[in-house]
Amino acid sequence: MFPSVNEQMGVIKRGVSEIIPEDDLVRKIEKSLKTKTPLNVKLGCDPSRPDLHLGHSVVLRKLRQFQDLGHRAILIVGDFTGMIGDPSGRNKTRPALSLEETRKNGESYFEQATKILSKEKTKMVYNSEWLAKMQFADVIKLASKYTVARMLERDDFTLRYKAGEPISVHEFLYPLAQAMDSVAINADVELGGTDQKFNLLVGRDIQREFGKEPQVILTMPILVGTDGVEKMSKSLDNYIGLSDSPKEMYGRTLSIPDSLIYDYFLLTTNIEKKDLEEIKQQLERNSVNPRDIKRGLARELVAMYHSHDEAVAAEEEFDRVFVKKDMPDVIPIFYPTADDLKNVTSLTAATGSVSSKTEARKKILEGGVYIDGERITDPFSPVPNKDEFILKVGRRKFHRIIRKNQ
RNA sequence: GGGUAGGUAGCGAAGUGGUUAAACGCAUCAGACUGUAAAUCUGACGGCUCCGGCCUUCGGAGGUUCGAAUCCUUCCCUACCCA
């Protein structure tokens, strides 16, 4: 039923940052084999940001591997913590959510996560189920099990504390709440990014306090975003979304810096170990143009989330539009009103490519607006007297303008 | 509770009565170059505009003044020190 311990460990260890403690994981797997009981593998998800991207995929893919090895994946939606939000208002990215919102986001999270996870084998639970039932006395008791010094061990807290940035008391409760999740579902393994290491470790301590066997924690490296510097995140707009269209996904992938190519292959694709090794060699020796390796990565990703055919199509389209500077094959159509046709500025603004006429005028003066391939330099130049033409704004916004003859 | 230092555009950070829509850096956007890589260069960067201008900003609210981000009052917020 289950693969052997060595086989399992081989799969599990690919790409991981840390397994703490590794021996315990081996032991747990041995026990699972002996008793024919799958391990409970936990992953917490944040319902305040339901748009998943490649960064999330790193850890989700690891979870999928556990599923393929026969283990049980449990997604915990942090609806309770999401509902509390951040009262200090310091972190605006964490607004308080209503119960309905967290539910809705949870559903959406599940839907996207199952692009990677097996739908049937994934269990999703909301942590309000047990956290909402706790009394204040329970919370105090829980909090008493951890010390301030230990909380401050956390790098994030230390840095903020030293920098003189505010840390609210309730932030100390987050790791404890997360730990309670592990207690509630009897987690054997908890996955997370390396930035979650502290929280995951707290889970071990609290499980012990509750007389449970501590979970093994497994951390995955943080995927750097397309800017090559920051962690991939939606708010920094350096992400490749799992729901991005083939075109977008392909283009965004090509925009990552060369230094990230290997990590992306390792962390976000399923390519064979030997191919991975070859890529590493090629990159190190510079024997192949990194661009071509990157194109391969982009095709791979589009094929994973869409299809092989769409990957090929996306590449062709990309070459046409950006290499040959030709037109994309699908261009949104815009039917202008008489007012929009007053001049090119009005038209550009009307298409919504820019936020206002002021913006449109700036782009025209900067030389970023083209009509049928001709650069427009005068904001007040008239709209060509044609029934149909192509308006291009910036590098990638195209509109097919069609006049309706009334 | 007492004291100190602060709160300026997406972020960081100057400015401390009068060309100040507010230096500078980062980020972003557009252009050149290119492999939608890196590096570099140029320009834009509060909002709107009939291009003449108009409107809104310097934690909030009042006030002084011809004139305030800058002075006064009050409130809110943050860090640090003392208790």
Is [X] touching bases, backbone alone, or none of the nucleic acid, heavy atoms closer than 4.0 Å?
X        : answer
A:Arg295 : nothing
A:Tyr161 : sugar-phosphate
A:Gly367 : sugar-phosphate
A:Leu236 : nothing
A:Thr358 : base
A:Lys357 : sugar-phosphate

With no angle test and no hydrogens, is the base of B:G35 tied to the side chain of A:Asp292 by a donor-acceptor pair under 3.5 Å?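 In this structure, the two groups form no donor-acceptor pair.
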
Between the base of B:G31 and the side chain of A:Glu366, is there a donor and acceptor pair under 3.5 angstrom?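 Under the 3.5 Å cut-off, the side chain and the base do not form any donor-acceptor pair.
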
Distance between [atom1] atoms of [N] and [M] (Å, rounded):
N     : M     : atom1 : answer
B:G59 : B:A69 : C1'   : 12 Å
B:A22 : B:U57 : C1'   : 10 Å
B:C11 : B:A21 : P     : 22 Å

With a 4.0 Å limit, can you tell me whether A:Arg375 has a side-chain N or O closer than that to the phosphate oxygens OP1/OP2 of B:A32?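 Affirmative; the distance criterion is met.
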
Phosphate-side-chain proximity, A:Arg252 and B:U36, N/O vs OP1/OP2 below 4.0 Å: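 So the side chain of A:Arg252 is outside the cut-off, no N or O lying under 4.0 Å from OP1 or OP2 of B:U36.
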
May I ask you to establish whether A:Arg103 and A:Tyr126 are in a cation-pi arrangement, using a distance under 6.0 Å from NZ or CZ to the six-membered ring centre and at most 45° from the ring axis? yes

Taking the six-membered ring of A:Phe157, is the NZ or CZ of A:Arg160 close enough (under 6.0 Å from the centre) and on axis enough (within 45°)? no

Identity of whatever pairs with [N] - Watson-Crick or G-U, under 3.5 angstrom:
N     : answer
B:U78 : B:A5
B:A37 : none
B:C58 : none

Most 5' of A:Thr226 and A:Phe380 on RNA chain B, judged by nearest nucleotide: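 The 5'-side residue here is A:Thr226.
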
Which residue lies more 5' along RNA chain B, comparing A:Val323 with A:Ala163 via nearest heavy atoms: A:Val323

Under 4.0 Å between a side-chain nitrogen and a carboxylate oxygen: does that hold for A:Lys231 and A:Asp195? yes

